[in-house]
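Note: hydrogens, waters and symmetry copies are ignored here, and every other heavy atom, side chains too, is used. When a ligand or atom number is given, it counts from 1 through the structure's own listing order.
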Amino acid sequence: MHQTSIPLIGSARPDTARRPALSVVVPAFDEQEVLPEFHRRLAAAMDGIGLAWEVIYVNDGSRDATLAVMLALRAADPRVAVVNLSRNFGKEIALTAGLDHARGSDGVVVIDADLQDPPEVIPELVAAWREGVDIAYAQRRVRHGEGVVKRATAAAFYRVMQRLGGRVRLPKDTGDFRLMSRRAVDALLTLREQHRFMKGLFAWVGFPSRPVLYDRAARAAGRTKWNWWKLWNLSLEGITSFTVAPLKVATYLGLVTAAIALVYGSVVVVKTLLFGNPVAGYPSLLTVMLFLGGVQLITLGIIGEYLGRVFNETKGRPLYLVERHIPSGGTSAGTEAGEQSTDGPTLGRVA
Ligand code: UDP
Ligand code: MG
C-alpha cells in the first residue's frame with residue numbers, strides 16, 4: 001500500500017518483481033567512521049540467513065561525509081538503498097523514513113548504525129521470528145560503556161512508563177533493535193503522528209512478540225548524540241505520547257489541597273472562636289499562597305506539554321522530506337534504467 005506512493009522515476013516494471021524478503025533499516029547521523037565496518041558485519045550476518053535482503057541507509061542530515069560513504073556502499077553493493085533526508089529530523093523520524101522505503105516482503109529489521117546493536121544478533125531474531133512471532137525484539141542483558149547514572153535513570157524511566165502505560169506494555173531494556181513482520185510494519189506505518197516515541201508505537205501495535213537477549217556493546221566510534229537534556233525531552237515525549245495520566249495530576253492535587261484547606265480552615269475558625277483573633281498568620285498565608293501558585297504553574301505546564309503536541313499534530317505537516325532516494329537494485333548484474341535514478345523531493349506520507 002505504501003509502496004506505490006513512492007514514485008520511482010523511470011522504473012518500468014513493478015518493483016514487487018524483485019522485492020527482497022528482508023529489509024534492514026539503518027538511520028544514521030554523523031556515522032562516517034562506523035558505516036563501512038557496520039556494512040561489512042551486517043552483510044556477513046545477513047548472508048548467513050539465506051534470504052534475499054536489502055539494507056536501507058537513511059542519512060538524517062549528517063554534517064560529515066556519511067552520505068558519501070553510503071553512496072560508495074551503494075556503488076559497491078546493489079543490495080544497498082540510500083534515503084537522504086533534506087535535513088536532520090531526528091532518529092525516530094529517520095527510522096520511519098527507512099520503514100516507509102523498506103520493500104522487504106516478509107519482514108524488516110531495525111538497527112542502529114553505531115554497532116551498539118550487534119548485527120550478529122539478527123540471525124537470532126530471524127530464528128525467533130521463524131518460530132511464528134511477528135516481532136522479535138532484542139533485549140539488553142547488560143549495558144557496557146554506560147555510566148551508573150544513565151543506567152539508573154533508564155531503569156527509573158522504564159518503571160514509570162510501566163506504571164503509567166495501562167494496557168500498553170513497554171518491554172524493559174529494549175531499544176528499537178528488532179525484527180518486524182510485514183504486517184506489523186504496515187500496521188506501524190499507519191501511525192503517522194509527528195511526535196514519534198517509537199518504543200511506544202511499537203508497543204501500541206502489539207502482535208505476538210518475543211525477546212531475544214543480547215549484550216549491548218559500547219559505541220564503536222563517533223559519539224552518542226544524546227545528552228541529558230535530550231534524554232529528558234525523550235522521556236517527556238514518551239510519557240506524553242503514551243499516556244494522559246499526568247493530566248489527572250491536577251485533579252488529584254486539587255482534591256488533596258482542597259481537603260487540607262478544609263481541615264486547616266476549620267482549625268482556624270475553631271481557634272478564632274476559642275481564643276479570639278490576634279491577627280497573626282502571615283507566614284502560613286504566604287506558605288499557602290506560594291504552594292498553591294507552584295501547584296498551579298506545574299499543572300499549567302503539564303497541560304501546555306499536551307497542548308503543544310496537539311498544536312504540532314494539527315499542522316498536519318509531512319513527517320520528513322526526502323532529498324534523494326536510491327532504491328536497492330536487483331543483482332550484481334549491473335544497474336538497469338531507473339534503478340539509480342533519484343526521484344525529486346518526496347514527502348513523508350501522511351497516510
Ligand atoms: N541518529 C539519527 N538521527 C539523529 C540522531 C541519531 O539517525 O538525529 C541515529 C544514529 O546515527 C544511530 C542511532 O540513531 O544509528 C542511535 O543514535 P545514538 O547512538 O546517538 O543513540 P543511543 O545509542 O545513545 O541511544
Ligand atoms: Mg548508540
Sequence neighbours excluded - ring pair (Phe, Tyr, Trp, His ring centres under 6.0 Å) pairs with any residue from residues 57-94 | His39-Tyr57

Quick one: does Ala113 get an N or O within less than 3.5 Å of an N or O on ligand 1?
-> yes

Specify which N/O/S atom of Asp114 comes nearest to the Mg ion (ligand 2), by atom name.
-> OD2

Between Asn88 and ligand 1, which part of the residue brings a heavy atom under 4.0 Å of the ligand: side chain, backbone, both or neither?
-> side chain

Of Gln116, Lys230, Glu31, which has the heavy atom at the shortest distance from atom 23 (O) of ligand 1?
-> Gln116

Closest heavy-atom approach to atom 6 (C) of ligand 1 among Tyr57, Phe29, Phe89 is made by Phe29

For Pro27, atoms of ligand 1 separated by under 4.0 Å from a heavy atom | 7 (O), 9 (C), 10 (C), 11 (O), 12 (C), 15 (O)

Short check: any N/O/S atom of Asp112 below 2.8 Å from the Mg ion (ligand 2)?
-> no

Heavy-atom closest contact (Ala102 atom, Val108 atom, distance) = CB-CG2, 4.0 Å

Numbered atoms and elements of ligand 1 in range of Asp112, under 4.0 angstrom, heavy atoms = 13 (C), 15 (O), 16 (C), 23 (O)

Residues passing the side chain to side chain contact (heavy atoms under 4.5 Å, CB included) test with Leu51, sequence neighbours excluded, are Ala21, Leu22, Ile49, Trp129, Arg130

State, yes or no, whether a side-chain contact exists between Gln32 and Ser62 at a heavy-atom distance under 4.5 Å.
-> no

Ile302 with Leu300, same ILVMFWY side-chain cluster at under 4.5 Å | no

Salt bridge or not for Asp106 and Arg19, using N-O below 4.0 Å?
-> no

